[in-house]
Every structure is written in C-alpha cells, then in structure tokens.
Amino acid sequence: MSSESESAIVSWENHHFYKNCLDVMRIAGQHIGMDPNVYQRLSKPRRVLYVSIPVRMDDGSIKVFDGFRVHHNTTLGPAKGGIRYHPEVNLAETSALSMLMTLKNSLVKLPLGGAKGGIRCDPNKMSRREKQSLTRRYTSEVFMLIGPDKDIPAPDIGTDAQTMAWVMDTYSSHLGYAVPGVVTGKPIEIGGSLGRVDATGRGVVYTVVEAAKRLNMEIGESTTVAVQGFGNVGYYSAKIISGLGCKVVAVSDVSGGVYNSRGLDINAARTWLNEHRSFDGFPGGDKITNNELLELKVDVLIPAALSEQITKENADRVKCRILAEGANGPTTIEANEILNDKGIFTIPDILANSGGVIVSYFEWVQGMQSFFWSEKDVNNKLWEIISHAFSRVYDFHQAKKIDMRLSAFAVSIEHLSKAMLARGFFP
Ligand code: NAD
C-alpha cells in the first residue's frame, strides 16, 4: 500500500475527531439513560467502502485517488450525507462525519440514516475535466451503495451542484433512465429544490435568531458577526445574517480573511473572491488571519470551514456571545468545556447546520413525487422544523442544566434509541 493510501485509511480507533464524537455521544447518553447496547452499536459505522479511483489527468498521466463511502446507521431510513473533496479526507474522519449525520437526521426527525463520503484530492488544483472524471468513476465504484432508497449523497466541502449533476448522470446512465432522487443539492433544471443552495446558511441564521430570543439579544444593526470559511455555508450565512441588518465584520477562506469594523459588503467580497481566488488586496477591509478571526470580540461567531478549529489551544481567546457551528465538528470536546466556562452559548453543529439536510430531504421528497414547491414554502417548512428542533434542545438544556451540545446529542439519541430498540437487530 502506498504511504498516501496509508494516510487515507486511518483507523477510527485512535482518531481524535472520531473519539471526540464518541465521547460527546457517551456523555450525552448518560443524561437519557442510553441503553449500553445502543451505544455499542452506534460506536462503529454500519459499513464502509474504500475505493481507489483512477483518473487520466490533463498531462496524460494516470493518478489513482483514495475515496470512501460510509454508512453509519440506517435505522431511520436511507443513509444520507455529503461527499467531500479535500486533501485531508480519511476513513476515520469520514466515519466520524457519518456519525454526526446519523445524529443530525435523528435530531430533526428526518426519516433518514447517516452517511458520508469523500475523496482525498485537492479540487482547487484540478481542471473541470479531471474533476468530472474523478466524480464519475467514484460514482461508478460506490454504485452498489447509493440509490434513492439506499443512500443519497449531497454536496460538502469541495463539491457543489455540478458535482451532484455528474453523480446523478453517471448513476442514471448505469440504469438507463433519469434518477433524480439519487442525490440532493443538484441543479434546479434536473430536479433540485429551490432554497437548497442557501439552506445550510439560512438554517444557521434561523438558529442564531432563536438563540438571540432566548438570550434577550438584539439581532440587528448593533450585532457583529465573524464567519470562518466563505464557501457554501459561510457565504450564505454571512449574506443572510447581513440581510437582517447585522454587521458582518470579518470573513475568511483557506488563504486568510478580511476585517472591517464598520461591516463588510458581502456581495463585493464574494465577487472579489470569485475573481481573485483569495481575499488578498480586497479593498473593503484589512487582512486578518483565520486564527485572528476566531478570536475577534463579536456577538456571533460562525465557523463554516473545517473540523477542530476551536481547540484547547485557542478556546480561551474566543470572545463571542453565540457560537453557531456552521461546520461539522469545529469545536473539540476540550474546547467545549472552556467555552462553557466562559459563558459562550453554543449552537452545536448537528442543530445549527441541519438546514442543509432538512432541505435536502425536501428535495428528495419533491423528486419522488415529481411535485415541486415554491421557495417560500421551502423556507417556511425549514423554519418550522429547525425552530422546533431548537426548542426541544433548548428546553432539555434548561431542564437538565447541561450545555446545548450535550442536549442536542441527548435529544437525538433518545429518538434514535427508541427506533433502534423497536426494530431490534438481525438475526
Ligand atoms: P465549501 O467547500 O463550499 O467551502 C469551504 C470553505 O472553507 C471555503 O471557503 C474554503 O476556502 C474554506 N477553508 C478550507 N480550509 C480552510 C482552513 N484551513 N481555514 C479556513 N477556511 C478554510 O464547503 P461547505 O459546503 O461550505 O462546507 C463547510 C462546512 O460546513 C463543512 O464542515 C461541511 O461539512 C459543513 N456543512 C456543509 C453543508 C452543506 O450543505 N454544504 C451542510 C452541513 C454542514
């Protein structure tokens, strides 16, 4: 096995992020008297598929990429979760992310299980043709796992509506007819849902509004916001929250960020990033590093990039009032403790970023019925589900005097456990 593949096939047994998710699940489980057999079952993914993906690169050479598809749990319905293209993708991280998908779907009571997929690659260094070949071959290799009744992928870091269109087309070509329900987050023209592209960011903002109500905090001109990551989740979170009148004072991407105490023009920042591929030279603000952004004194901090960004090393310097986790797993369990001690109100990932999978679920339902909803209907239904989930988590947090993360995990596990125990297991 090449050393590259060895780095990809990392066991979850000793992986920090995987163990972090397990620890939160175990501790949260204690608050609902979780059945130890349920914990045992949930502590490992149901199935994992490793695939090697040969791609002819533009220079004529063939490069073989490592990829995965993991089903964590399918008790509640077909597996559901994104596909990530990133150089650090590995089996343990993909498995941890699939576990978070199980818990997220259960928390918002969707009839879906948890999955995740990924390819270890750098999409920023690949041409459109190379990415298309990579996506089509990956789809072909994971064909036996995916399908509208089995496992429905969606975009994640490094993938977008175009990627989903290629997955859908490849899957449909194998079967000989169009199967829009095999993916969500696809373009509107081939069965995508209105409101899906901004759904995760919109959901993040909806949960911030709910949190602010509970904390008697104003959401408006006096509210300052910083957003780490300016892709799908970061950009739409920033855009939607600035639409509520809030001042987004800092945004960033992988190359660093920009800061302006008077508030940034989000559309101008987006246009600049599209044209220049980094915030360097952006005239609307001053340069800032990703670490500095996380430590700004703001009302709302939205990490919307990678996992494990707020750790025991920097948690003490985080100064926001509300931490809304747009990304999956941005805060380590050790950092969570420090943030609690500082009185920071955290809206955990499985709640804050659940808007994406909620509207993905709507897209799947619309596709199965071939009956499409208006954007207003989509956003209203998203609001209904996410604000209801927020209330359940908040009430449990108040009743049990535990933090919002443990509360969200506990509320989710309670629902899932009942379903698992009702179904039992085979044989
Ligand atoms: P994306 O690829 O559209 O954007 C990722 C952003 O993060 C980019 O701006 C990139 O430059 C930035 N980034 C990458 N590495 C970074 C680093 N080291 N430091 C700072 N910024 C960095 O991805 P996305 O879909 O917006 O996903 C972002 C996060 O949100 C991920 O954790 C993902 O799992 C989570 N999420 C996404 C969705 C969705 O619907 N897309 C749903 C739920 C959760």
Side-chain angles (χ1 to χ4, degrees), residues 17 80-89 93-94 96-101 103-105 107-108 114-118 121-124 131 153-164 183-186 192-193 195-204 207 226-239 250-258 269-270 272-274 276-280 288-294 302-310 314 324-331 347-363 382 386:
F17 181 38
K80 180 101 191 75
I83 300 177
R84 179 174 290 197
Y85 288 0
H86 191 272
E88 302 298 322
V89 162
E93 183 198 60
T94 310
L97 291 167
S98 72
M99 190 193 306
L100 290 180
M101 284 308 300
L103 296 171
K104 192 181 305 180
N105 292 335
L107 174 64
V108 292
K116 201 80 183 186
C121 66
D122 188 347
N124 296 322
K131 281 190 281 192
D156 191 74
I157 294 181
T159 55
D160 57 15
Q162 178 60 74
T163 322
M164 294 306 112
V183 284
T184 58
K186 55 194 173 288
S193 175
R196 174 59 185 92
V197 71
D198 58 354
T200 311
R202 184 173 297 282
V204 170
T207 61
V227 183
Q228 186 203 34
F230 207 58
N232 175 279
V233 182
Y235 166 63
Y236 283 108
S237 299
K239 186 179 155 83
V251 298
S252 68
D253 83 336
V254 62
S255 62
V258 277
R270 173 74 160 201
W272 181 273
L273 193 61
N274 285 347
H276 300 85
R277 301 179 76 88
S278 109
F279 287 117
D280 282 352
I288 187 175
T289 66
N290 266 295
N291 286 341
E292 287 165 343
L293 182 146
L294 294 173
I302 305 177
L306 303 176
S307 58
E308 304 199 308
Q309 295 299 294
I310 302 175
N314 63 357
E325 295 184 336
N328 285 309
T331 311
I347 313 171
D349 48 9
I350 62 169
L351 176 60
N353 70 35
S354 63
V357 73
I358 293 170
V359 177
S360 271
Y361 164 63
F362 297 162
E363 180 176 330
L382 165 61
I386 211 166

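Because the structure is predicted, anything quoted here is derived from the model rather than measured. Both counts, for ligands and for their atoms, begin at 1 and track the order of listing.
Using modelled atom types, one finds a donor on one side chain and an acceptor on the other under 3.5 Å when comparing Thr163 with Asp160. Side-chain polar atoms of Asn328 and Asn353 form a donor-acceptor pair below 3.5 angstrom. Using modelled atom types and a 3.5 Å distance limit, the side chains of Asp253 and Ser255 yield a donor-acceptor pair.
At distances below 3.5 Å, not a single donor-acceptor pair connects side-chain atoms of Glu325 with backbone N or O atoms of Ile350. Between the side chain of Asn314 and the main chain of Ile310, no donor-acceptor pair closer than 3.5 Å is present.
For Lys239, the NZ atom counts as loosely surrounded, since its 6.0 Å shell holds 12 or fewer non-hydrogen atoms of other residues, nucleotides or ligands.
At a 4.0 Å heavy-atom cut-off, the residues surrounding ligand 1 are Arg84, Pro155, Asp156, Ile157, Gly158, Arg196, Thr200, Gln228, Gly229, Phe230, Gly231, Asn232, Val233, Asp253, Val254, Asn290, Ala304, Ala305, Leu306, Gly326, Ala327, Asn328, Asn353, listed by chain and number.
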